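Heads up, the thing below is written out as structure tokens.
Only a predicted model underlies this, so the values are computations on that prediction, with no experimental measurement involved. Every chain is numbered from 1 and lettered A, B, ... according to where its sequence line falls, protein lines coming before strand lines.
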2 protein chains.
Amino acid sequence: MAIRTAERMLGQLRDAGFKITAQRVAIVTELADDPSHPTAQELYERLRPNEAAMSFATVYNTLAALEQVHACTALALSQGPTRFDPKMDPHHHVVCDQCGKMVDLPYSESPEAAALPEGFALRSIEKIYRGVCAPCRT
Amino acid sequence: MAIRTAERMLGQLRDAGFKITAQRVAIVTELADDPSHPTAQELYERLRPNEAAMSFATVYNTLAALEQVHACTALALSQGPTRFDPKMDPHHHVVCDQCGKMVDLPYSESPEAAALPEGFALRSIEKIYRGVCAPCRT
DNA sequence: CAACCTAATTAGAATCATTCTAATTGGCAA
DNA sequence: TTGCCAATTAGAATGATTCTAATTAGGTTG
């Protein structure tokens, strides 16, 4: 499964005309089936010890490319570094105010508080409508 | 109304034991009935020309204090600087992917897309469950 | 209402996250 | 195989926020 997800993501890059480099393979493989919503920093630290050279800018560049081809989503939902999510079907997020960690929540209309992680102290539920405003569309 | 809101916010600070300084009065007055969700930078630039001295750190400190006493909310919903919201009754937000500006949306269970700003191109609706996770609670 | 205690303010440095730069490397199409 | 141009690199630059250490000023007390 992990390999299949990674290959799908790489295919999306290839189809959009991005070159498949050793660094991109490594980053995509690391992110593909990681449900922990890692930060760029975390990915960089996991990959640096490996044989292939890896710079910090490349992690950001590759994540931006993946976002562009809709192979991952950047989650900026709280203070702290942006987190990256390879799961592309619609779902919601549980966010910790303190540590910033995020957990996926399956998409469903109701009930609101079902299936929260064990021991999570819910404070608020917030809806965000994302898109592009009229002035920015011109 | 503006004055009343500002005074309520200052009262909340006072009641929590915070001192009421000229800088805090200025920041609170500026934020109180501003529906534009200003950033710390924007508040600083609006206030700097005034007679009272104002440092950047003070803007952040005061906004942190206001958040602590539940007189405002910090909104970190996208890349770019945190925005601050003095409206404390439950509501949702419309966020522009491009410029980061935010608009309030009245709280209602349905329908999803009602009352969006004129010309806003909706891309996704996201639910965020906020709170504190089990490990952070200890 | 003066003095004091302590919190708040200040400028500037430090830190963290991210993006940029300019030179080098390497996919991959012809 | 060659060459073009995108991708990579280290390090500097930028932007947002927090920290630091010294000074100032609320507001409580005598």
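Nearest approach of A:Lys127 to B:Lys127, heavy atoms of both residues: CG-CG, 3.8 Å. Smallest separation of non-hydrogen atoms from A:Gln12 and A:His70: NE2-O, 3.2 Å.
The pair B:Glu126-A:Arg130 counts as a salt bridge, with a side-chain nitrogen and a carboxylate oxygen less than 4.0 angstrom apart.
Regarding contacts with the backbone of C:dC28, every side-chain N or O of A:Arg14 stays at 4.0 angstrom or more from both OP1 and OP2. Look at B:Thr82 and you'll find a side-chain N or O under 4.0 angstrom from OP1 or OP2 of D:dT17. Distances shown here put a side-chain N or O of B:Thr21 below 4.0 Å from the OP1 or OP2 atom of C:dT9. OP1 or OP2 of C:dT10 sits under 4.0 Å from a side-chain N or O of B:Gln23.
Remark: P of C:dA17 and CD of A:Gln79 are 12 Å apart, rounded to the nearest angstrom. In this structure, B:Glu45 places its CD atom 12 Å from P of D:dG15, rounding to the nearest Å. C:dA11 atom C1' lies 13 Å from atom CZ of B:Arg48, rounded to whole Å. If you take CG of A:Leu10 and P of C:dC28, they are 11 Å apart, rounded to a whole angstrom. As rounded to whole Å, 10 Å separates atom P of C:dA17 from atom CD of A:Glu42. Separating the CG atom of B:Asp15 from the P atom of D:dG26 is a distance of 19 Å, rounded to the nearest angstrom. Atom CZ in B:Phe84 sits about 12 Å away from atom P in D:dA16, given to the nearest Å. The interatomic distance linking A:Tyr44 (OH) with D:dT8 (P) rounds to 14 Å, in whole Å.
Mapped onto DNA chain C by nearest heavy atom, A:Phe18 and B:Ala22 fall at different nucleotides, with B:Ala22 at the one closer to the 5' end.
You'll find that the side chain of B:Ala53 is closest to C:dT10, out of C:dT10, C:dA7, D:dT17. Across D:dA10, D:dA6, C:dA8, the shortest atom-to-atom separation from the side chain of B:Arg24 is found for C:dA8. Taking only side-chain atoms of A:Gln41, from C-beta outward, the nucleotide of D:dG27, D:dA7, C:dA17 with the closest atom is C:dA17. When distances are taken from the side chain of A:Pro81 to each of D:dA10, D:dA7, C:dA17, the shortest belongs to C:dA17.
A donor-acceptor contact shorter than 3.5 Å is absent between the side chain of A:Thr62 and the backbone of A:Val59.
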Next on the checklist: Quick one, A:Met9 with A:Thr29, criterion side-chain contact (heavy atoms from CB on, under 4.5 Å). Give me CA distance, side-chain angles, the key distance, then yes/no.
Outcome noted: CA-CA 9 Å; A:Met9 291 169 82; A:Thr29 305; over 6 Å; no
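For DNA chain D, the residues of residues 56-71 of chain B within the heavy-atom distance limit of 4.0 Å (strictly under) are B:Phe56, B:Ala57, B:Tyr60, sorted by number.
Checking A:Asp104 against A:His92 by side-chain atom types alone, no donor-acceptor pair falls below 3.5 Å. For the residue pair B:Asp85/B:Thr73, the side-chain donor-acceptor check at 3.5 Å is not satisfied.
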